[in-house]
Amino acid sequence: MNSNQFVKKMGQMIFISAGLLFAVTFSVCPMSCRSSVESLELLSGDFSVPKITKFFATSSNSARIDFSREVELKNTELFLSDEVSSLGNVECKYEENSVLLEFQNETAIGIDYKVEGMAFDSAGNSLTFSVPFKGFNSNPAKVIIAELRNAYGTKTIKETKEKVHRSEFVELYVLKGGNLSGLEVVSAANGDKTKFILPAVEVKNGDYVTLHMRTIVADGLDGEGMHNELEDNLKLSKHEDSCDTARDLWSECTKKPFAASDIVVLRNSNTSEILDAVVFAKSDCTEWKKGISDFASIISESGVWQDGVSVENAVCCDNVSPTKSLSRKNLKEAIAAYKNGQPIVNGKDCWIVAKTATPGYKNSDIPYMKK
């Protein structure tokens, strides 16, 4: 047999073998496939991981963490937020879906910490977590909102031709001395995007604290002199809106902090408790935008604003400008009420558009009258 005949013979044998293999496979496959489907068992159960629903410090050496279901924590440790070395293991005490965390050492007021660990539910699902928080404020100051300006603009000084910038601010009045750590001012319209978290600063009864709600970075404006007065020197900030007898604090935000019609809220960032609020709206505003309306329900439930938080029950802010502000005209009554242990009244009738904005100074009681 020559080579050509050999190749031809081998080709015939391969073709016959392939045909036999195809026939056998075709005859077996239906039974084999049917058997696999009938024997398939679907796994059942909950494979979702547990979720953290709330976390807050309860003392200088403890915190509480709430989960969506009962869990067991493992490898739980306390850290400084920017450190990798542990400050010690955390002891865990369980109560239904909550876990009380007890630290080996006390945390310091206003310092940034984090708790890290793993949470396992009864089905074996696990969550690795890292939760940041600030050291517990054991001596919180009691403050209320005394003045607010939601306007932004510039003016030119005639003598020097210098442009002077004025931006939005919230002025706080201290009813009881203590530490400001844990307080925050937030806009219902903007939420966390422009909120101002107050630093750990000690204040006294009767102090004014001005929160300048944005840092000025525009070209040609007075961008210097905006310094946080964190200690005793109240003359550190040199900006046009600074006050040498009151504390000036500056937000790092560089965007518009409030909407034209908005709700500005003072709350405890640790517990989310609403402490005070100012509700204001333009005269052409007929209803709250969605984000604000969600906030409005929370403020109404808190009771810090009389008669509910509807647009009709907001302070009209049409005439607020870089030189005019919303001023709390019942500040004396609020101080007296707090001293006597009585509720502090706040609402639409407690505010005016003052003729002159006075950040850091005693409020103006002269209303602006449009000519």
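Note that the coordinates shown come from a computational prediction; the quantities given were computed from them, not determined experimentally.
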Does a sphere of radius 6.0 Å around [atom1] in [X] hold more than 12 heavy atoms from other residues, nucleotides or ligands, not counting ones at 6.0 Å or beyond?
X    : atom1 : value
Q104 : CD    : yes
K114 : NZ    : yes
N340 : CG    : yes

message: When you measure from the side chain of E70 to the backbone of S122, do you find a donor-acceptor pair of N or O atoms at a distance under 3.5 Å?
response: no
message: Could you check whether any side-chain N or O of N363 sits under 3.5 Å from a backbone N or O of A146, counting only pairs where one atom can act as donor and the other as acceptor?
response: yes
message: Let's go through T210 and E171 carefully: what are the C-alpha distance in whole Å and the side-chain angles of both, what is the deciding distance for side-chain hydrogen bond (donor to acceptor under 3.5 Å, both in side chains) to 0.1 Å, and is it a yes or a no?
response: CA-CA 4 Å; T210 303; E171 179 194 77; 4.7 Å; no
- prompt: Is the Y113 to F79 ring centre distance short of 6.0 Å?
  reply: no
- prompt: Can you pull the side chain to side chain donor-acceptor pair (under 3.5 Å) pairs that have at least one residue in residues 175-189, sequence neighbours excluded?
  reply: N179-E202, E184-K195, E184-R267, S187-D262
Nearest-0.5 Å distance that lies between atom CG in N205 and atom OH in Y338: 8.0 Å
- prompt: From H239 NE2 over to D248 CG, what is the distance, rounded to the nearest 0.5 angstrom?
  reply: 10.0 Å
Non-hydrogen atoms of G308 and N313 that approach each other most closely: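 Shortest heavy-atom separation between G308 and N313 comes out as O-ND2, 2.6 Å.
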query: Just checking, any donor-acceptor pair under 3.5 angstrom between side chains of T358 and E147?
result: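 Side chains of T358 and E147: pair found under 3.5 Å.
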